[in-house]
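Scroll down for the structure; my scribbles are underneath it.
Whatever order the structure lists ligands and atoms in, that order sets their numbers, starting from 1. Position 1 is the first residue of the sequence; numbering continues from there. This is a predicted model, so every value here is computed, not measured. Scope of the values below: all heavy atoms of this structure, side chains included, with no hydrogens, waters or symmetry mates.
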Amino acid sequence: MDYQEILDTIALELTTKQPRGNVATYIPELAKVSPQKFGMHLHCINSGHYCFGNSDEKFSIQSISKVFGLTLAMSLIHEDLFERVDVEPSGNPFNSLIQLEYENGIPRNPFINAGALVISDILISTLKSPKQEFLQFVQNITDNDTLKINVEVFESEKKCSYRNAALLHLMKSFGNITNDIEEVLDFYIYQCAIEMSCKELATAFMVYANRGAKLSSHEEVISPHKVKRINAIMQTCGFYDEAGEFSFRVGLPGKSGVGGGIAAIHPNQYAVTVWSPLLNPKGNSELGMYALERLTTLTGLSIF
Ligand code: GLU
């Protein structure tokens with residue numbers, strides 16, 4: 001398979017597409033990012049790297065960090081963490097409060113905000129230095145110990161996290177948050193504020209394409225039977241209220257973020273990432289989704 005030729009075809013097609021969608025503005029710092037940016041990087045299981053555009057430029061990974069939080073929690077905790085967070089698609093926006101009220105404070109899945117806040121609560125109870133250990137975890141799977149958070153994005157979100165604070169208060173009233181609300185919120189926002197390039201994210205996501213092991217060192221980050229479950233949750237819950245549409249059009253497990261990034265994998269084949277900050281009404285990168293749809297169409301391969 002000539003992946004570079006396929007990516008070059010997609011790059012050419014993108015030049016004819018009319019940019020649509022909006023940059024996320026509810027976190028003021030994200031509104032400053034240029035809507036013209038576009039990067040794509042494919043990391044193949046045979047170690048090949050293929051890319052185009054702004055694929056080496058860092059962006060805010062936002063909700064893509066929820067995959068790393070879940071992975072760290074599942075690698076550390078052996079009792080059933082899925083009693084506190086379910087694994088069903090929500091059919092609601094990522095920051096919705098409604099479902100939580102009538103489902104007794106148990107979030108639908110770990111990839112909506114409420115679910116990731118519960119995972120953050122679990123990690124705070126488990127780790128000695130949650131922020132440092134979380135960052136080290138992401139640095140390790142990326143083979144890059146210079147990764148860090150964007151402090152401006154972190155502070156910007158901290159000033160306007162009313163809905164996430166509301167989710168925490170509601171869940172605490174149901175007994176599903178054990179730590180201090182401010183501490184959980186702070187740790188959650190920290191994870192979202194990590195900055196990575198498409199290349200770095202594709203390297204990190206190889207773990208999910210490679211049965212839970214790093215491609216570079218073969219270190220097992222998480223067992224194959226746990227990574228199978230994480231990939232299943234990415235497939236069914238990784239794209240806000242549009243996981244069905246993403247499965248239909250692209251056909252790969254993955255996760256998106258409001259920074260405009262999408263990371264996806266084809267098990268035993270590749271990890272692929274795209275970044276384009278213009279979001280569709282459901283919060284997924286408009287052109288990113290298009291590029292991934294073209295990738296699975298032009299390669300003739302998806303998980304289906
Ligand atoms: N930090 C963002 C929030 O909690 C993440 C949202 C996202 O990327 O889906 O609202």
Side-chain angles (χ1 to χ4, degrees), residues 21-33 58-70 85 89-97 99-100 107-121 123 131 134-135 138 149-171 177 181-196 198 201 205 233-234 236-243 245-246 254-264 273-286 288-289:
N22 295 300
V23 175
T25 52
Y26 77 103
I27 300 172
E29 201 60 29
L30 292 183
K32 296 183 183 168
V33 179
K58 298 206 189 257
F59 61 92
S60 192
I61 68 168
Q62 291 297 318
S63 273
I64 300 172
S65 65
K66 291 178 168 80
V67 181
F68 301 143
L70 177 66
V85 53
S90 72
N92 274 309
F94 66 103
N95 55 5
S96 170
L97 285 142
Q99 217 161 25
L100 258 190
R108 273 286 170 119
N109 67 69
F111 294 160
I112 53 174
N113 287 12
L117 289 163
V118 168
I119 298 295
S120 298
D121 186 52
L123 286 172
K131 285 181 178 174
F134 180 81
L135 185 60
V138 183
I149 68 154
N150 180 313
V151 178
E152 286 81 31
V153 171
F154 173 74
E155 277 163 7
S156 179
E157 183 165 6
K158 279 211 86 168
K159 287 193 195 121
C160 59
S161 303
Y162 312 115
R163 292 194 75 89
N164 287 327
L167 289 168
L168 279 166
H169 281 278
L170 189 55
M171 290 191 289
I177 293 293
I181 284 177
E182 280 308 313
E183 192 183 356
V184 181
L185 193 56
D186 181 75
F187 178 45
Y188 166 82
I189 294 171
Y190 179 90
Q191 296 164 58
C192 293
I194 290 181
E195 284 194 310
M196 293 170 83
C198 289
L201 253 188
F205 264 72
I233 305 172
M234 282 202 260
T236 51
C237 311
F239 295 90
Y240 309 118
D241 190 13
E242 206 172 32
E245 178 81 10
F246 191 86
K255 182 74 197 87
S256 57
V258 294
I262 300 178
T273 50
V274 284
W275 171 49
S276 166
L278 290 172
L279 308 180
N280 70 17
K282 296 278 172 75
N284 291 307
S285 171
E286 172 83 23
M289 227 163 129

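- At the shortest separation from atom 7 (C) of ligand 1 among protein heavy atoms lies Ser63 OG, 2.6 Å.
- Of all protein heavy atoms, the one lying nearest to atom 10 (O) of ligand 1 is Tyr26 OH, 2.6 Å.
- Counting protein heavy atoms only, atom 4 (O) of ligand 1 is closest to Tyr188 OH, 2.6 Å.
- Under the side-chain contact (heavy atoms from CB on, under 4.5 Å) criterion, Lys158 pairs with Phe154, Asp186, Ile189, sequence neighbours left out.
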For a side chain to side chain contact (heavy atoms under 4.5 Å, CB included) check, start with the C-alpha distance between Ile177 and Val118, then their side-chain angles and the critical distance, and finish with the verdict.
CA-CA 6 Å; Ile177 293 293; Val118 168; 4.2 Å; yes
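- Distances between N or O atoms of Ile27 and those of ligand 1 include no value under 3.5 Å.
- Under 4.0 angstrom from ligand 1, there are no non-hydrogen atoms of Arg163.
- Taking 4.5 Å as the limit, some side-chain heavy atom of Ile64 sits within range of a side-chain heavy atom of Phe205.
- Side chains of Cys198 and Phe59 form a contact here, defined as non-hydrogen atoms less than 4.5 Å apart.
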Could you give me the CA-CA distance, side-chain angles and deciding distance for Phe246 and Lys282, then say whether side chain to side chain contact (heavy atoms under 4.5 Å, CB included) is met?
CA-CA 11 Å; Phe246 191 86; Lys282 296 278 172 75; over 6 Å; no
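- Less than 4.0 angstrom separates some heavy atom of Tyr240 from each of these atoms of ligand 1: 7 (C), 8 (O), 9 (O).
- When heavy-atom distances to ligand 1 are checked against a 4.0 Å cut-off, Asn113 comes that close only through its side chain, counted from C-beta outward.
- With a 4.0 Å cut-off on non-hydrogen atoms, Ile64 does not touch ligand 1 at all.
- Considering backbone and side-chain N/O of Ser256, none are found under 3.5 Å from N/O of ligand 1.
- Inter-residue side-chain proximity for Val138 and Met196 is flagged as met; some heavy-atom pair is nearer than 4.5 Å.
- Within the listing of ligand 1, atoms 1 (N) sit less than 4.0 angstrom from a heavy atom of Cys192.
- In this structure the side chain of Ile233 reaches within 4.5 angstrom of the side chain of Pro110, judged on heavy atoms.
- Side-chain N/O atoms of Glu242 and Asn280 include a donor and acceptor closer than 3.5 Å.
- Two residues are said to be in side-chain contact when any heavy atoms from C-beta on lie closer than 4.5 Å; Phe68 and Ile194 fail this criterion.
- The nearest protein atom to atom 5 (C) of ligand 1, hydrogens excluded, is given as Gln62 OE1, 3.3 Å; this is a heavy-atom distance.
- In the vicinity of Gly257, heavy-atom distances shorter than 4.0 Å reach the ligand 1 atoms 8 (O).
- Residue Lys66 places no N or O, backbone or side chain, under 3.5 Å from any N or O of ligand 1.
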